[in-house]
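To start, the structure under review is shown below, and the notes come after it.
This is a predicted model, so every value here is computed, not measured. Remember, it's 1-based here, ligands and their atoms both numbered in the order they're listed.
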Amino acid sequence: MEKKPIVLSGIRPTGNLHLGNYFGAVKNFVKMQETNECYFFIADYHMLTTHPNPQDLQSNVRQVVIEYLAAGLDPEKATLYLQSDIPETAELYLFLNMNAYLGELERVTTFKEKARKQPENVNAGLLTYPTLMASDIIIQRAHLVPVGKDQEQHLEMTRTFARRFNRMYKVDYFPIPKAYNFDQELVKIPGLDGSGKMGKSEGEGNAVFLGEDPKSIRKKVMRAVTDSGPTEMNQEKPEPIQNLFNLMKVVSASDTVDHFDEAYNNCTIRYGDLKKQLAGDIINFTAPFYEKINELSKDDAYIKKVIDMGAEKARANAQKTVREVREIIGFRKIY
Ligand code: TRP
């Protein structure tokens, strides 16, 4: 029997999950755990590149675990763990750094962006972000890495580092992982501010969170950007209006969408009604997540159990990899 491909992805613990994250990534993870051997982890080592304080780091990591569980990741199906629970990752990262070159690391787009954004803190961890990410991936001997477009260059470097290791030591040891880009397959979720996609950096009011309370959702939706309304029959919808319709398409029944579409096309639409409906449907959609998040937030014992379980499995694999890598490189067996 052919072995199932190993799927792995890392999650940056920054902020709360919003509808854009859910439809853009998490929903896909939830689907993949049904058919693949999956590893999903919180990239908390990577967070140190931006120097968080210990309390923030801890509470962010905890919140992300809770929200991903609430969103449907199942610890019985996928292995969920914290990057920092696998210290072997750091040893493999050290080995990979010995064969990673300044020139190639400096050319990475995310590095250049970060260096521009935090000129007072261009640390070596930022420069070697791609080798740490490569270590995360190949330590579990992953084949498929579901990531967004912004991570493709990192994935390309992972492939380079894995190939380089195999070539250098004349082994066929690391599988060469592939980026699994699902950007095209999934619906782009627009924000509420009239342009672009939903994101938390776009300002207060743009994103609706899975753990957001109904009152706050309603307020945000009622404040969403619109215009003065259609003046001609069947006219094309300007971006802010199209955005509201696109949101409606993912949370509302199709005859609801049709109803408002028709009202737009014959110029009888009232945006207040559209927003009220949209708010209600978003609230219905997020309600189970909202409840689950609140429930899990009170269950420290369960959260601990989940991450202990994940760490145990992921760490056993990682130890095996590093043990073999040490041998390939020519170090003594120590574990
Ligand atoms: N760099 C990824 C991001 O910013 C997070 C990440 C860390 C990751 N290690 C990974 C993703 C390994 C996939 C595989 O989103």
*Is there a donor in the side chain of Q83 and an acceptor in the side chain of Y81, or the other way round, less than 3.5 Å apart?*
no
*Do N53 and D56 meet the criterion of a side-chain donor-acceptor pair at a distance under 3.5 Å?*
yes
*List, ordered by chain and residue number, the protein residues whose closest non-hydrogen atom lies under 4.0 Å from any atom of ligand 1.*
L8, S9, G10, R12, F41, A43, H46, Y129, M133, D136, I137, V145, V147, Q151
*Just checking, any donor-acceptor pair under 3.5 angstrom between side chains of E324 and Y173?*
yes
*asked:* Can a side-chain donor-acceptor contact be found between Y45 and D136 if the only test is distance below 3.5 angstrom?
replied: no
*asked:* Using 30° and 60° as the class boundaries, would you call the ring planes of F40 and F29 parallel, tilted or perpendicular?
replied: parallel
Which atom pairs, donor and acceptor, lie under 3.5 Å between side-chain atoms of residues 6-17 and protein residues at least two apart or in another chain?
unit_1, atom_1, unit_2, atom_2, d
S9, OG, P146, O, 2.9
N16, ND2, E67, OE2, 2.8

